[in-house]
Trainee: 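To start, I am sharing the structure in question, which I have written as structure tokens.
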Amino acid sequence: MKTPLKLAVQKSGRLSDASLNLIKECGITFPTRIAKLKAHAFNFPMEFLYLRDDDIPGYVADNVSDVGIVGENVLLEKGVNLEVIERLGFSKCRLSIAVPKEFEYHGVQSLQGLNIATSYPNILGKYLEKQGITAAIHEISGSVEIAPSIGLAEAVCDIVSTGITLVSNGLVEVETILESQAVLVSRPDLESEKRQVLEQLLFRIRSVQTANNSKYILLNAPNHSIEEITNMLPGMRSPTVLPLAQEGWSSLHSVVKEDDFWEVIERLRGAGAEGILVIPIEKMIL
Ligand code: ATP
Ligand code: ZN
């Protein structure tokens, strides 16, 4: 058995379920109760460390863990030197500056001289410096959105996803300073045996991600439309075409990208396709 690759994941919070689901989709099984700090995967050379997300970059940098799954917001704030191996497409959010809705905002210069509350002093500090703005940054660790109403600050810089929290606190988002999602990070100096395990894991993650972005599509079409439909549905190489029992008709099987899905369906119907079935794909190896 190879030396296990240590993977740090958030113990409980907005990254945990999606991180562990991704690992499960990679066919890696592990104990489901996260009562402990550590757990071994049953069928893959991997060990899990369940940590607070803020501690993950530091633990990876300090060799306690080899790789980790963390938000780009936390990674940048900690400023540690780690390699971003893959952007994972979940826990998407943004770091934004918001002001009370009565505030007359006329662009970043309106932030000059303000008190701004945030849990991200480093990212905010760099942003303000780049914009040539001097403001007082007040670091607070939680409930940043209430800072204006309690008189602590005139503006906030906080994580936003839907924006509901801001609105319900009477705030308006005025600047987005970072778009973030979960990333897989690694120590840059990983030993070759562990790097091999990481490559295996990455191969699986990419297969799952490609599959999640694609659908298997089956349809019936008159034979004279096959060429036109083939051009719309190139699939992995080219579609499978099988004759139907009914003369002059065929069944086509292919793969379509989730993003193009509705547009392609309309064009297919225009080309005479019928009985269109769309099926999720579990894994996809290109
Ligand atoms: P911990 O106890 O581990 O320190 P936390 O309270 O700091 O957790 P969470 O609220 O669980 O952190 O958020 C973890 C990460 O999830 C954030 O750093 C960010 O990358 C992402 N995130 C935060 N808010 C949202 C959201 N509303 N939607 C999606 N992702 C989010
Ligand atoms: Zn945290």
Side-chain angles (χ1 to χ4, degrees), residues 6-25 30 32-39 47-62 64-98 116-127 137-147 155-186 205 208-209 212-213:
K6 283 184 267 182
L7 169 71
V9 292
Q10 191 190 21
K11 186 177 169 68
S12 95
R14 291 190 158 112
L15 289 161
S16 328
D17 286 350
S19 304
L20 294 178
N21 271 340
L22 176 66
I23 300 300
K24 274 185 214 156
E25 285 182 304
F30 49 88
T32 46
R33 278 189 56 237
I34 312 183
K36 290 193 243 157
L37 173 67
K38 276 195 204 181
E47 195 175 291
F48 298 89
L49 297 179
Y50 302 113
L51 303 169
R52 282 199 59 196
D53 70 338
D54 314 66
D55 296 334
I56 292 177
Y59 278 153
V60 174
D62 293 344
V64 176
S65 189
D66 302 309
V67 294
I69 296 178
V70 70
E72 285 171 309
N73 51 321
V74 169
L75 181 65
L76 270 174
E77 180 61 25
K78 299 293 171 192
V80 289
N81 176 30
L82 298 178
E83 201 178 321
V84 174
I85 302 290
E86 187 79 354
R87 301 183 92 203
L88 300 171
F90 59 81
S91 299
K92 286 189 177 168
C93 56
R94 52 192 187 275
L95 187 63
S96 293
I97 296 178
I116 310 179
T118 188
S119 306
Y120 296 87
N122 293 326
I123 300 178
L124 176 61
K126 285 202 185 108
Y127 172 81
I137 299 176
H138 294 264
E139 183 177 357
I140 50 178
S141 59
S143 304
V144 171
E145 66 284 354
I146 63 163
V156 301
C157 169
D158 202 6
I159 291 291
V160 184
S161 64
T162 58
I164 291 170
T165 313
L166 289 184
V167 172
S168 61
N169 283 281
L171 300 172
V172 187
E173 198 175 346
V174 288
E175 303 289 341
T176 299
I177 68 177
L178 174 76
E179 299 274 356
S180 174
Q181 59 178 276
V183 286
L184 177 68
V185 291
S186 163
I205 289 176
V208 169
Q209 285 187 318
N212 287 345
N213 290 331

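Residues take their numbers from the sequence shown, with the count starting at 1. Counting convention: from 1, in listed order, for ligands and their atoms alike. Note that this is a predicted model, so its numbers are computed, not measured.
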Trainee: Using the test side-chain contact (heavy atoms from CB on, under 4.5 Å), find all partners of Asn73 that sit at least two apart in sequence or belong to another chain.
Mentor: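 For Asn73 the side-chain contact (heavy atoms from CB on, under 4.5 Å) partners, ignoring immediate neighbours, are Tyr120, Ile159, Leu178, Ser180.
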
Trainee: Can you check whether Val67's main-chain N or O pairs, donor with acceptor, with Ser186's side chain at less than 3.5 Å?
Mentor: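 Such a contact is absent between Ser186 side chain and Val67 backbone.
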
Trainee: Do Ser16 side-chain atoms and Gln10 backbone N/O form a donor-acceptor pair below 3.5 Å?
Mentor: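 Between the backbone of Gln10 and the side chain of Ser16 there is a qualifying donor-acceptor contact (under 3.5 Å).
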
Trainee: Taking 2.8 Å as the limit, list every protein N, O or S atom around the Zn ion (ligand 2), by chain and residue number.
Mentor: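 Hits for the Zn ion (ligand 2) below 2.8 Å: Asp53 OD1, Asp54 OD1.
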
Trainee: Between atom CZ of Arg52 and atom OH of Tyr59, what is the distance when rounded to the nearest 0.5 Å?
Mentor: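 With rounding to 0.5 Å, CZ (Arg52) is 11.0 Å from OH (Tyr59).
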
Trainee: Among Asp53, Ile56, Val74, Leu88, whose side-chain contact (heavy atoms from CB on, under 4.5 Å) with Leu15 holds?
Mentor: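 With Leu15 as partner, Asp53, Ile56, Val74, Leu88 yield a single side-chain contact (heavy atoms from CB on, under 4.5 Å), made by Asp53.
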
Trainee: Kindly say whether Leu166 contributes a backbone atom to a donor-acceptor pair with the side chain of Glu145 at under 3.5 angstrom?
Mentor: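 Flag not set: sc Glu145 to bb Leu166 has no pair under 3.5 Å.
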
Trainee: Please list all pairs meeting salt bridge (Lys or Arg N to Asp or Glu O under 4.0 Å) that have one or both residues in residues 155-176, counting only residues at least two apart or in different chains.
Mentor: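 Only Arg94-Glu173 qualify under salt bridge (Lys or Arg N to Asp or Glu O under 4.0 Å).
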
Trainee: Taking any residue with a non-hydrogen atom under 4.0 angstrom from an atom of ligand 1, which ones do you get?
Mentor: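 Only Gln10, Gly13, Arg14, Leu15, Arg52, Asp53, Asp54, Gly71, Asn73, Val74, Ser91, Lys92, Cys93, Ile159, Ser161 have heavy atoms that fall under 4.0 Å of ligand 1, ordered by chain and number.
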
Trainee: Please test Val80 against Val60 for side-chain contact (heavy atoms from CB on, under 4.5 Å), starting from the C-alpha separation and ending with a verdict.
Mentor: CA-CA 9 Å; Val80 289; Val60 174; over 6 Å; no

Trainee: Roughly how far, to the nearest 0.5 Å, is the CG atom of Asp66 from the CD atom of Glu47?
Mentor: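 One finds 9.0 Å between CD of Glu47 and CG of Asp66.
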
